[in-house]
Number of protein chains: 2
Amino acid sequence: MKFDDKIPIYYQIKNYLYHEMMTGALKPGDKLPAVRQLAVDLTVNVNTVQRALGEMITEGILESQRGKGNFVTMNEQRITRLKEQLVMEQLERVYEQLHALNLTDEQIITSLKQYIAQRGQRDDQRVSD
Amino acid sequence: MKFDDKIPIYYQIKNYLYHEMMTGALKPGDKLPAVRQLAVDLTVNVNTVQRALGEMITEGILESQRGKGNFVTMNEQRITRLKEQLVMEQLERVYEQLHALNLTDEQIITSLKQYIAQRGQRDDQRVSD
DNA sequence: CCTAGTGTTCTATTTAACTATTACACTATA
DNA sequence: TATAGTGTAATAGTTAAATAGAACACTAGG
């Protein structure tokens with residue numbers, strides 16, 4: 001896995017696992033790969049994986065069972081709330097950044113629409129999906 | 001100045017200066033505060049400031065004159081391109097992140113609109129501007 | 001009971017970022 | 001020419017993140 005060296009790896013691992021949960025690749029109750037296996041898959045050290053998982057366990061998103069494995073919480077509300085929170089964080093950040101670049105609310109929305117439209121064109125050229 | 005400890009300070013300083021240029025607080029040809037003064041203002045070390053400025057000089061956004069100071073480039077096209085690039089980076093990032101959270105193109109635009117609308121309400125309560 | 005698979009913890013080491021301090025190079029000006 | 005203000009560079013020390021390696025604790029199944 002490729003990492004952005006501007007951001008701590010354990011932090012990027014958390015985001016990776018969040019996304020796996022949001023897209024349904026990891027569902028409530030699912031068992032995660034073993035920490036040693038995750039470390040191999042992500043080409044990082046076990047301790048780095050453990051740090052990421054440790055925080056997610058503290059947050060109540062994951063549940064650890066010693067000797068068995070790490071599991072996604074069965075509490076679906078927690079996952080729903082997490083998704084809302086992650087979306088909100090992204091919106092806040094992009095809004096503040098673009099606002100700081102002196103774009104108006106209108107310009108922010110317009111530029112996003114344009115970006116998506118252009119991206120659509122670009123993707124259409126690759127696959128006529 | 002407050003920094004996000006997830007991101008290198010020199011990197012955040014670059015962004016800060018970018019924003020100063022985008023909002024017109026720093027115009028083409030303007031002289032920046034002395035590196036030592038910037039270090040005091042931002043409560044960081046001179047070397048950290050220097051690292052940020054050094055990269056911006058390499059990028060051609062700033063021009064350094066030994067003994068005189070650091071200046072914003074007179075080449076306005078470079079600044080225009082920089083702004084376009086910064087906006088595009090933000091759009092790309094938020095799009096990819098929200099897409100990874102399984103939102104459709106439509107949902108991405110809608111959620112941003114909603115966010116801005118809600119934010120507008122919130123701001124209206126504070127100041128009837 | 002033994003073993004394989006799992007999570008957990010610890011120590012030591014390396015590396016990048018940041019800091020602290022000092023020195024050097026150049027410019028303007030009194 | 002002396003001095004103050006500026007950028008530049010080098011050295012040394014600190015800290016957080018990441019790595020490497022080992023040991024410990026628990027579970028399941030033969």
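Throughout, protein chains are lettered first and strands after them, A, B, ... in sequence-line order, and every chain is numbered starting at 1. Predicted model only: the values in this text are computed from it and were never measured.
Dashed line: the shortest gap from a side-chain N or O of Thr48(B) to OP1 or OP2 of dA17(C) is not under 4.0 Å.
In this structure, Tyr115(A) places its OH atom where more than 12 heavy-atom neighbours from other residues, nucleotides or ligands lie under 6.0 Å away. Residue Lys113(B) qualifies as open at atom NZ: its count of foreign heavy atoms under 6.0 Å is 12 or below.
Checked against dC18(C), dT19(D), dT8(C), the side chain of Val44(A) finds its nearest nucleotide in dT19(D). Of all nucleotides listed (dT19(D), dT27(C), dT6(D)), dT19(D) comes nearest to the side chain of Asn45(A). Nearest nucleotide to the Val35(A) side chain, out of dT8(C), dT6(C), dT6(D): dT8(C). Distance from the side chain of Arg66(B) is smallest for dC26(C) among the nucleotides dT8(C), dC26(C), dC18(C). Considering only side-chain atoms of Lys68(A), the nucleotide from dA28(D), dT8(C), dA25(C) that sits closest is dA28(D).
Each of Gln12(A) and Pro33(B) was assigned the nucleotide of DNA chain D with the nearest heavy atom; the assignment lying further toward the 5' end belongs to Pro33(B). Nearest-nucleotide positions on DNA chain C place Arg51(B) closer to the 5' end than the other of Arg51(B) and Val46(B).
A donor-acceptor pair under 3.5 Å links the side-chain atoms of Lys27(A) to the main chain of Gly24(A), judged by distance alone. Side chain of Gln65(A) to backbone of Phe71(A): no donor-acceptor contact under 3.5 angstrom is found.
Evaluation of atom-type donor-acceptor distances gives a pair under 3.5 Å for the side chain of Asn47(A) against the base of dG21(D). Side-chain to base pairing of Arg36(B) with dG5(D): no donor and acceptor N or O lie closer than 3.5 Å to each other.
In this structure, the CD1 atom of Ile9(B) is 14 Å from the P atom of dT15(D), given to the nearest Å. Here dT19(D) presents its C1' atom at 15 Å from CG of Leu42(A), a figure rounded to the nearest Å. Between the CG atom of Asp4(B) and the P atom of dA17(C) there is a distance of 15 Å, given to the nearest Å. Rounded to whole angstrom, the span from the CG atom of Asn70(B) across to the C1' atom of dT27(C) amounts to 14 Å. If you measure from atom OH of Tyr11(B) to atom C1' of dC18(C), you get 18 Å, rounded to the nearest angstrom. When the C1' atom of dT14(D) is taken as reference, atom CG of Asp5(B) falls 16 Å away, rounded to whole Å. The distance between atom OH of Tyr10(B) and atom C1' of dT19(C), rounded to the nearest whole Å, is 16 Å. To the nearest angstrom, P of dA10(D) lies 12 Å from CD of Gln50(B).
Here the options are Thr73(B), Ile57(B), Leu26(B), the test is side-chain contact (heavy atoms from CB on, under 4.5 Å), and the partner is Leu62(B); only Ile57(B) passes.
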